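Numbered from 1 within each chain, the chains take letters A, B, ... in sequence-line order. Just so we're clear, the structure is a prediction, and the values are computed from it rather than from any experiment.
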Number of protein chains: 2
Amino acid sequence: MSQTVDRALSILPLLAQGPADLGQVADRLGVHKSTALRLLRTLHEHGLVYRQQDQRYRLGARLFALAQEAVENLDVREIAHPHLAALNDRTGHTVHLAVHEDGEVLYIDKVESRYPVRMYSRIGKPVALTVAAVAKLLLADLPEPERRALAVKLDYPRYTPRSTPDAAAFLQELATVREQGWATDLGGHEESINCVAAPIRGADGRVVAAMSVSAPNVVVTAEELLALLPQVRRTAEAISHDYSGTTPPKETEVSVDE
Amino acid sequence: MSQTVDRALSILPLLAQGPADLGQVADRLGVHKSTALRLLRTLHEHGLVYRQQDQRYRLGARLFALAQEAVENLDVREIAHPHLAALNDRTGHTVHLAVHEDGEVLYIDKVESRYPVRMYSRIGKPVALTVAAVAKLLLADLPEPERRALAVKLDYPRYTPRSTPDAAAFLQELATVREQGWATDLGGHEESINCVAAPIRGADGRVVAAMSVSAPNVVVTAEELLALLPQVRRTAEAISHDYSGTTPPKETEVSVDE
DNA sequence: ATGGACGTTGCAGAGAGCGCAACGACCGAA
DNA sequence: TTCGGTCGTTGCGCTCTCTGCAACGTCCAT
């Protein structure tokens, strides 16, 4: 809608692929160097891009801070976290929390006991829509026309032989998931990883988030993991209850910054 | 520099404080509602803001993805990580990696064994400049005039009685740190937390990052923590060595997205 | 020395964003 | 039900701001 802003924002995903110099940015935007320079300067003033010693531009620090604050404002996450931690405590497996937003599903929280290394690396990362158990739950709750529209629009990458192959199979799967109120991913994304998930619902019954327990099958078999389903569902229900109960009157205090 | 972009970007920190509706955004920007609407729409198209059911705007998902990709492109972090993990393995304490950027110091990696819960919550968060050990190292390496300019510009919050009180003390501390090649924070930020840190240098000898080991003094005393200093310095030197050695010819594969 | 690549600046023209005003939807009070 | 208020949205004309150009300075390699 706004050309200037549109161009400026297009720089961000471009820089996400790696640092670039002024000329490269201008070329890939299809604008004159002077134009690109001004846009970059504005982005720089806001801390969204950073200029390294070699004069090339990178994504900047403020971006982290913003993502940081954003995730902290997600109240589902706040409410869910203790429950996730408790479940992790009992089972020892990785526990995820995910939400749906504008056609993407992303993890907004994760508790992992086994591999602390790079633990943060997937938070905020978009999830494989066609196979992930949490994605199935979140998408299964969409109104029928939207669900169908999305299903035909998606790609169906064959991560493994068990990946959902096409739109028809996906819609079928969503219908099943919708009906049974839980979902699995048995080696559909990575051959050796299994996953069971349950929905978290708001006061109006709509699915606002989904949680899952994942484990590699060298640790537990798919059957053993499925045995945890009741626990997972109970946890999800507990979160739903907390969440749909009277939302605590959260004071939004404005902090004094610069 | 660019008015439109400037206004659009100003919306982001505003929304970081919490969701806001159109009128609030327009007011706080000091522009007409229709203008704010257009800006928000453009931000929305790029996924930087999201519109919730109640029509209010929130920061969006793409922001996470961008911050995510940004952090993955930081090669210092990539190189340092195994070393940090190893040190964490040996000591059992929290290990941080931080860089300096535009007057801010921020953690870009963290390995923690003791409290997996909310582990990610500080990655990307700006560090308390005047007290954190990693900040001292990074700022101590700035050219003298910049260092001085920064020192007088800063605030010196008294987190604890041991916090750096003013610019003079801070510059003195930086001089010491610069000379000795390591730094500490003994209860300067939180009464019970101690911290020792060492610098990571590039091929030209400049400090490109800093790493630290932190522990609450209920676990180990300050003296015991200081005893780890040789290990910390050795780790930092190992990372420096890896980093300043011929940078591995990193293939930047462009992935197929949308 | 000389050519090229790169970032930067000032300028004038025009295209794009701006605020205005009016509309429709929604909600609660009378 | 009716009315007044609030909120998001749209079309339009004016003007301000962004754009691309051309020229300059610098750095580096030839």
Enquirer: Using a distance-only test with no angle check, is there a side-chain donor-acceptor pair under 3.5 angstrom linking A:His96 and A:Asp109?
Expert: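 No.
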Enquirer: Can you check whether A:Arg7 has a side-chain N or O nearer than 4.0 Å to OP1 or OP2 of D:dG20?
Expert: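 For D:dG20, OP1/OP2 do have a side-chain N/O of A:Arg7 under 4.0 Å.
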Enquirer: Can you tell which of C:dA16, D:dT17, D:dT9 lies closest to the side chain of B:Gln3?
Expert: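 Of C:dA16, D:dT17, D:dT9, D:dT17 is nearest to the side chain of B:Gln3.
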Enquirer: As a test of reading the structure: which of C:dT8, C:dG19, D:dC21 is closest to the side chain of A:His32, going by heavy atoms?
Expert: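 Per side-chain heavy atoms of A:His32, the pick is D:dC21.
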Enquirer: To the nearest Å, give me how far apart CG (B:Asp21) and P (D:dT9) are.
Expert: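 In whole Å, D:dT9 P lies 11 Å from B:Asp21 CG.
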Enquirer: Side-chain donor or acceptor of B:Ser34 under 3.5 Å from a matching atom on the base of C:dC18?
Expert: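 When only heavy-atom distances are counted, B:Ser34 does not reach the base of C:dC18 through any donor-acceptor pair under 3.5 Å.
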Enquirer: Round to the nearest Å and state the distance from B:Leu29 atom CG to C:dC18 atom C1'.
Expert: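 It works out to 13 Å between those atoms.
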Enquirer: What integer distance in Å separates B:Arg38:CZ from C:dC18:C1'?
Expert: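 Rounding to the nearest Å, CZ of B:Arg38 and C1' of C:dC18 are 6 Å apart.
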Enquirer: What is the distance from CZ of B:Arg51 to P of D:dG8, rounded to the nearest Å?
Expert: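 Atom-to-atom, B:Arg51 to D:dG8, this comes out as 7 Å.
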Enquirer: Can B:Arg51 and B:Tyr57 be said to form a side-chain hydrogen bond (donor to acceptor under 3.5 Å, both in side chains), step by step?
Expert: CA-CA 5 Å; B:Arg51 194 155 202 190; B:Tyr57 293 91; 3.1 Å; yes
Enquirer: Report yes or no: does A:Asp155 contribute a side-chain atom to a donor-acceptor pair with the main-chain N or O of A:Pro157 at less than 3.5 Å?
Expert: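 The answer is no, because no donor-acceptor pair under 3.5 Å joins these two groups.
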Enquirer: Does B:Arg56 reach a base, just sugar-phosphate, or nothing at all? Heavy atoms under 4.0 Å.
Expert: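 If one applies the 4.0 Å heavy-atom cut-off, B:Arg56 turns out to touch nothing in the nucleic acid.
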Enquirer: Please compare A:Lys33 and A:Ser2 by the position of their nearest nucleotide in DNA chain C and report the one closer to 5'.
Expert: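 It is A:Lys33, whose closest nucleotide lies nearer the 5' terminus.
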Enquirer: Has B:Arg178 got a side-chain atom pairing as donor or acceptor with B:Ala140's backbone, closer than 3.5 angstrom?
Expert: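 Yes: the side chain of B:Arg178 pairs with the backbone of B:Ala140.
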Enquirer: With respect to the side chain of A:Leu37, which nucleotide from D:dG11, C:dG17, C:dT9 is positioned closest?
Expert: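 For the A:Leu37 side chain, the nearest candidate turns out to be C:dT9.
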Enquirer: Grab the CD-P distance between B:Gln52 and D:dG8 for me, whole Å please.
Expert: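 It works out to 13 Å between those atoms.
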Enquirer: Quick one: does B:Gln24's side chain have a donor or acceptor within less than 3.5 Å of a partner on B:Asp21's backbone?
Expert: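 It does hold such a pair.
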Enquirer: Which nucleotide, C:dT9, D:dG20, D:dC18, lies nearest any side-chain atom of B:Thr4?
Expert: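 Minimum distance to the B:Thr4 side chain belongs to D:dC18.
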Enquirer: Does a side-chain N or O from B:Thr35 land closer than 4.0 Å to OP1 or OP2 of C:dG17, or not?
Expert: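 No, no such contact exists.
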Enquirer: Expressed as a whole number of angstroms, how long is the span from B:Arg41:CZ to D:dG8:C1'?
Expert: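 The answer, rounded to whole Å, is 9 Å.
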Enquirer: Give the rounded distance in Å between these two atoms: CG of A:Asp6 and P of C:dG17.
Expert: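 The answer, rounded to whole Å, is 9 Å.
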Enquirer: If you pin A:Val5 and A:Gln24 to their nearest nucleotides in DNA chain C, which one's is more 5'?
Expert: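 Checking each residue's closest nucleotide, the 5'-ward one belongs to A:Gln24.
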Enquirer: Nearest whole angstrom, please: distance from the P of D:dG20 to the CG of A:Asp27.
Expert: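 Whole-Å distance recorded here is 13 Å.
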